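Everything numeric here is computed off the predicted structure, so don't read it as measured data. In the text below, chain A, chain B and the rest are named by the order of the sequence lines, each starting its count at 1.
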2 protein chains.
Amino acid sequence: MQTQRLAQIMQERGVRRTPQRLAVWRLFAEEPGLTIREAVRALEPAGIGQATVYRSVKALEGAGLLLGFPAPRGELRYAAVLDHVHLLVCERCRAVRRLHECRLGGYEAEVEQKTGYRVRGHTLVVYGLCPRCREGGEP
Amino acid sequence: MQTQRLAQIMQERGVRRTPQRLAVWRLFAEEPGLTIREAVRALEPAGIGQATVYRSVKALEGAGLLLGFPAPRGELRYAAVLDHVHLLVCERCRAVRRLHECRLGGYEAEVEQKTGYRVRGHTLVVYGLCPRCREGGEP
DNA sequence: GCATACCTGATAAATCTTATCATCTCGCGG
DNA sequence: CCGCGAGATGATAAGATTTATCAGGTATGC
């Protein structure tokens, strides 16, 4: 995913750009749907300490560059995002796709009006089976 | 929330109905937005062991009676649900409201068609500020 | 470039989560 | 209504995850 735009966004949001954070973000961009712990293990060989991974995930999530979503078994998994996206998650093999269309603007406005809340955003995760798992093939 | 329907659903989905599980579910119904650990502490005085709380949450979540959602700081919080609902979460005081309208059926169908996935469901969480926090009042 | 506020890695400490096992109980069938 | 057995519970221990600490390093603004 666009490393260019990533740098820009980090700058804008006051998130310091370090090699470690870039590595963390890139990992979640290449393999969306990892848990933090899995990321720790994946980045260990690169010499990135576990505390750094935890801290980076928090920083990136706070800046809206990582999106967390609940997976079966009570796991919290993350995916790298740049703009607002919806996630499409395969329940079997955990493949994650990003859906770039969002037509919930009207829904948000309606919720604001009906509830008195000030809506700031939303997270939509769609669960299902990817084409391959759907056919009963290997994940 | 309707304890009646709860019993029915547990029966239907083969989830054994025990006083502990009912207590766990009721807690998340009365105070949606707790973490598991907070639930453990809340139910300790009632003599419910922590292992039981963890196991109950898993069982109830598996049966679709609890819904997990990611909160700031990387926390996974839960709310009791009976039917499919969307959650409206206050980012400041963490109040949780359930929204019973869902107009994403068409969206799901569209996603199926465009991606080849077999869609089985979705989770939508809307974030914002509740009326009180919106005014800058106390949570 | 320089200063400094912030980040990092290593380690230890604190928390959270799961496993184990003896006992208990829910839900079914008689 | 009662007894049976699969499954649930509680207490505790063991294991795993997450955070705190601190000395040193490095991105960023001037």
Ring-ring centroid check B:Y107 A:H86, cutoff 6.0 Å: yes
Whole-Å distance between D:dG7 P and B:R13 CZ? 19 Å
In whole angstrom, give the distance that lies between atom CD of A:E44 and atom P of D:dT17. 11 Å
Rounded to whole Å, CG of B:L76 lies from P of C:dC16 at a distance of 14 Å
Length of the CG-C1' vector between A:L22 and D:dT28, whole Å: 15 Å
Hey, does B:G74 reach any base, or is it just sugar-phosphate, or nothing, if we go heavy atoms under 4.0 Å? nothing
For residues 49-81 of chain B, the ring-ring contact (aromatic ring centres under 6.0 Å, His included) pairs (sequence neighbours left out) are none
Are OP1 or OP2 of C:dC16 and a side-chain N or O of B:R41 less than 4.0 angstrom apart? yes
Rounded distance in Å - CZ (A:R77) to P (D:dT17): 12 Å
Nearest whole angstrom, please: distance from the P of D:dA8 to the CG of B:L60. 11 Å
For atom CZ of B:R13, is the number of surrounding heavy atoms from other residues, nucleotides or ligands below 6.0 Å larger than 12? yes
Donor-acceptor list for residues 95-103 of chain B side chains, cut-off 3.5 Å, not counting sequence neighbours:
residue: B:R98; atom: NE; partner: B:A80; partner atom: O; Å: 2.9
residue: B:R98; atom: NH2; partner: B:A29; partner atom: O; Å: 3.4
residue: B:R98; atom: NH2; partner: B:A80; partner atom: O; Å: 3.3
residue: B:E101; atom: OE1; partner: A:K114; partner atom: NZ; Å: 3.1
residue: B:E101; atom: OE1; partner: B:R103; partner atom: NH2; Å: 3.3
residue: B:R103; atom: NH1; partner: A:E110; partner atom: OE1; Å: 3.3
residue: B:R103; atom: NH2; partner: A:E110; partner atom: OE1; Å: 3.4
residue: B:R103; atom: NH2; partner: A:E110; partner atom: OE2; Å: 2.8

Examine D:dA16: is either OP1 or OP2 under 4.0 Å from a nitrogen or oxygen in the side chain of A:R37? Give yes or no. no
Can any side-chain N or O of B:R26 pair as donor or acceptor with the backbone N or O of B:T3 at less than 3.5 Å? no
Indicate whether the side chain of B:R37 and that of B:Q50 have a donor and an acceptor atom separated by less than 3.5 Å. yes
What does the B/S/- profile of nucleotides 18-30 of chain C look like, 5' to 3', with a 4.0 Å heavy-atom cutoff to protein? BBB-----BS---
Value in whole Å for how far the P atom of C:dT17 lies from CD of A:E75: 12 Å
